[in-house]
Amino acid sequence: MKILFSSFVLFTMLIGNVLLAQSDPNEQVINYTYDMKFQMPRIYTPQPYGLDAVISVGPFDNYQISTNSGFAETDIAVNPRNHLNFVGSDNRVTGFSGTPWVYYTNNGGVTWSNTAISSNQGDPVFCADSLGNFYLAVLSNGVRMLKSTDGGVSWTNLGNIVNNANADKEWIAADQTTGTYQNNVYMAYVNFATGGNVDFWRSTNNAGSWSYVGNMGSGTPNPGPDIATGPNGIVYLAWYSGSGSAVRVSTDGGASFNAPVQASFHTNPGSVNATSGRYSLKGNIRVNGMPHIAVDLSNGPRRGYVYHVYSTNPPGPDAADIFCTRTTDGGVSWSAASSVRVNNDVTTYDQWMCDVSVDNQGRVWAMWWDSRDDATTPNLLTNTYGAVSTDGGLTFTNFKISNQNFNPNVVKIFQATEHYYLGDYQGMSGRSMTFPLYTGQNNTLQDFHAYLPDYGMEFNKSIDSINPTSTSVVRMRNPVMGPYSGQVTYSAVISPSPAPGTLTPTFSPSNIRTFTGVNDSVLINTTSTNNVPLGLYTVAVTGVETGGPRTHSRSYQIRVGNFTGIQNTNSEVPVKYSLEQNYPNPFNPVTNIKFGLPKSSFVTLKIYDILGREVAVLVNNLNIAAGNYVYDFNAANVPSGIYFYRISAGDFTDVKKMTLIK
């Protein structure tokens, strides 16, 4: 987790011995000390944030908000007074990859900007107070605090809360009520100078000054504390005790805490590497079972519930799963004996690196890395997954957040022999919308986010083929990621201009759709006039959320040509190629020949007589969109007899017999 500069860094920021690790002297699995030297594998050209690239793969969008790779450990916070204002960063705050950027958005992720802070040792964590001030804690020979009073645009270095070269994995939280403790900010960190204890500090004047409260507990190999605040200013402090997560509660603004209560009984995910002594997954990438907690601050029926998620190696063949426990009585008791598995896959593949957040509707969101979709390698290629619970953490609905996977063994960072690093945490936050902030996607250490919940866009065919004066019918499917509710207005633009004719798109039943938490679909009917120039046209469809920032676009194509005799029979796409028996058969003189294309293909359809001689070319190497088609073959000029019709489409070929009787 932390990064310590050696005293002899002289030539560049990367020369020297650096620690990026949980300093775990209490690890009892093996008898020798971890090697924590951090060796930077590469140097990146410094580039600012602000790319705001939309990654449109599949139905849902992801957003890349960095232009150079960072070093994992992403975290993000939302302004409780402005739900469109987020701040976040990752371990690039070390300055290893150039300028130590913090990035922010004031319009719900439509655009992102960046600002620089001074270099430090990493482990960035964010929070916001009831006034809308943001706080950023980092390790810097202790725990340093920075504060922004303008939504993340600028940051003031408030100095170190504590000076301690053996400080590790700090976490912060601020009171978000308007009550007695509204000016309070809290910090907990791991003090390895005293044997891996969790030390707790608090400020009662918005981080102006700090006081030490005390040692709250300890754990091995690393307690990794987390803090959350709830209604009435209640403070929850969680850490990994060595046998699960322990939680202490303060009802007096962090001045004192009750006795620890066990929120879960679990081990770390993965297994211990005999060389490094680390719990590891994949290619010796270190992992942990540290707690992550969030409180329901909504005005709903579960206000004050606290949710706790963690990754663990459960009984059985699975090496890593995500679980959730909760308290409904202010931390007096927890559902440790009846934890809920969050990931719903039926594989034994890995789920790890999780976080949790609760929005202003009381919905519980979780995120993690997940290898369930890799059946080939297997259990290597990884996606960012998410889940939502609308029943207070009793059940979770899973979905894939990232639209590109990554190979952890490609982007992992070398630490020591059989010891690699991809961070020890990642974060999510939100009120009216929730942003998971994650890295790794598409084999990069760029930073990405997505909207939770969200609506998506996809079409049942990528290209449609029509004649002049006919109508293209394409179904737009609109799946939801999470229980998305809202109104979306769709529009379509066709390019190039089909002048002198027109291509007119309409939406059926309407271009204005109201989502109620379930998937939706709409037909796009595009009618061609007789004088449209033959050619290929792109239909760009855009959905704009009413009163919100979510705007998504996708496109498909329409080919206008002289497709005599061919008609698309419906808007659905078959799952495989097919050639059906003609009907009627025998026939005189017209029969229908039906065929199906699962994807856009160059199609040839020909008629042969019984001696194999070509009688007619119905379709000649024509690029036809995916769909189901019928060709009306008129044999008025063909004598009676037995004939064969043959189709070739891509790698598919088929032949069938028909009889013409006049």
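We number each residue from 1, following the sequence as shown.
Residues G393 and V364 approach most closely at N-CG2, 4.5 Å, considering heavy atoms. The shortest non-hydrogen separation linking V138 to P124 is CG1-CA, 4.1 Å. Nearest approach of Y103 to S89, heavy atoms of both residues: CE2-CA, 3.4 Å. Taking both residues in full, the closest heavy atoms of T275 and T417 are given as CG2-O, 3.9 Å, listed atom of the first, atom of the second, then distance. Closest approach of Q441 and F448 over heavy atoms only: CB-CE1, 3.6 Å. Here the shortest heavy-atom pairing between F60 and Y455 reads CE2-C, 3.6 Å.
A search for side-chain contact (heavy atoms from CB on, under 4.5 Å) contacts involving S553 returns T542, not counting sequence neighbours. Considering only residues two or more places apart in sequence or on other chains, Q262 meets the side-chain contact (heavy atoms from CB on, under 4.5 Å) condition with S241, S243, A246, F265. Applying the salt bridge (charged side-chain N to carboxylate O under 4.0 Å, His left out) rule to D75 yields no partners; only residues at least two apart in sequence or on another chain are considered. A search for ring-ring contact (aromatic ring centres under 6.0 Å, His included) contacts involving Y305 returns nothing, not counting sequence neighbours. Taking Y556 as the reference, F459 meet the ring-ring contact (aromatic ring centres under 6.0 Å, His included) condition, with sequence neighbours excluded. Annotation: ring-ring contact (aromatic ring centres under 6.0 Å, His included) contacts of W352 (sequence neighbours excluded): W369. Here D374 pairs with nothing under the salt bridge (charged side-chain N to carboxylate O under 4.0 Å, His left out) rule; sequence neighbours left out. Every residue two or more places apart in sequence or in another chain that forms a side-chain contact (heavy atoms from CB on, under 4.5 Å) with V57 is listed here: I55, N403, Q404. A search for salt bridge (charged side-chain N to carboxylate O under 4.0 Å, His left out) contacts involving D373 returns K400, not counting sequence neighbours. With sequence neighbours left out, F86 forms a ring-ring contact (aromatic ring centres under 6.0 Å, His included) with F435. Residues meeting the salt bridge (charged side-chain N to carboxylate O under 4.0 Å, His left out) test with E572, sequence neighbours left out: R475, R477. Every residue two or more places apart in sequence or in another chain that forms a side-chain contact (heavy atoms from CB on, under 4.5 Å) with A238 is listed here: V247, P291, I293.
A donor and an acceptor atom, one from each side chain of S298 and N360, are nowhere located under 3.5 Å apart. A donor-acceptor contact under 3.5 angstrom links the side chains of D391 and T395, judged on distance only. Side chains of N91 and E73: a donor-acceptor N/O pair is present below 3.5 angstrom, by distance only. Residues N405 and N383 have side chains that never bring a donor and an acceptor to within less than 3.5 angstrom of each other. Between the side chains of D226 and H308, no donor N or O sits under 3.5 Å from an acceptor N or O. Judged by distance alone, the side chains of S56 and D61 do bring a donor and an acceptor atom under 3.5 Å apart. For the residue pair N379 / K282, a side-chain donor-acceptor distance below 3.5 Å is found, with atom types taken as modelled. For D321 and N343, the side-chain atoms include at least one donor-acceptor pair closer than 3.5 Å. Residues D168 and N222 have side chains that bring a donor and an acceptor to within less than 3.5 angstrom of each other. There is a side-chain donor-acceptor pair under 3.5 Å between T382 and S371. A side-chain donor-acceptor contact under 3.5 Å links N68 and R92.
In this structure, N398 contributes its side chain and N344 its backbone to a donor-acceptor pair below 3.5 Å. Under the 3.5 Å distance criterion, the side-chain polar atoms of W239 are matched with a main-chain donor or acceptor of S218. Between the side chain of S311 and the backbone N or O of Q351, at least one donor-acceptor pair lies under 3.5 Å. Although no hydrogens or angles enter the test, the distance criterion places a donor-acceptor pair under 3.5 Å between the side chain of R554 and the main chain of G58. With hydrogens and angles ignored, the 3.5 Å screen pairs a side-chain donor or acceptor of R550 with a backbone N or O of P453. Under the 3.5 Å distance criterion, the side-chain polar atoms of T327 are matched with a main-chain donor or acceptor of S333. Proximity of a side-chain donor or acceptor of S264 to a complementary backbone N or O of S245 within less than 3.5 Å is detected. Here the side chain of S335 pairs a donor or acceptor atom with the backbone of R326 at under 3.5 angstrom. Side-chain atoms of T325 come within 3.5 Å of backbone N or O of A263 as a donor-acceptor pair. Checked by atom type and distance alone, the side chain of N443 never pairs as donor or acceptor with a backbone atom of F406 at under 3.5 Å.
The closest side-chain heavy-atom distance from W368 to V342 is below 4.5 Å. Counting heavy atoms from C-beta outward, V340 and F323 have side chains that stay 4.5 Å or more apart. By the 4.5 Å heavy-atom criterion applied to side chains, Y420 and P408 are not counted as neighbours.
Salt bridge absent: D424 and K169 never bring a charged side-chain N and a carboxylate O closer than 4.0 Å. Here D350 does not pair with R372 in a salt bridge; the nearest charged N to carboxylate O distance is not below 4.0 Å. Between D359 and R431 no salt bridge is recorded (no basic side-chain N to carboxylate O distance below 4.0 Å).
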Stepwise side-chain contact (heavy atoms from CB on, under 4.5 Å) test for N268 and N313: CA-CA 6 Å; N268 285 285; N313 186 338; over 6 Å; no

L452 vs R363, side-chain contact (heavy atoms from CB on, under 4.5 Å): CA-CA, chis, key distance, verdict: CA-CA 11 Å; L452 299 179; R363 299 176 297 199; over 6 Å; no

Full working for side-chain contact (heavy atoms from CB on, under 4.5 Å) between Y310 and H266: CA-CA 9 Å; Y310 54 93; H266 72 273; 3.4 Å; yes

Chi angles and distances behind the side-chain contact (heavy atoms from CB on, under 4.5 Å) call for N478, F515: CA-CA 9 Å; N478 304 109; F515 287 84; 3.7 Å; yes

CA sep, side-chain torsions, deciding dist, call: Q446, S66, side chain to side chain donor-acceptor pair (under 3.5 Å): CA-CA 6 Å; Q446 304 281 1; S66 61; 2.6 Å; yes

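Under the ring-ring contact (aromatic ring centres under 6.0 Å, His included) rule, Y451 has a single partner from W365, Y63, Y484, which is Y63.
With a 6.0 Å radius and a threshold of 12 heavy atoms from other residues, nucleotides or ligands, D329 has its CG atom above the threshold.
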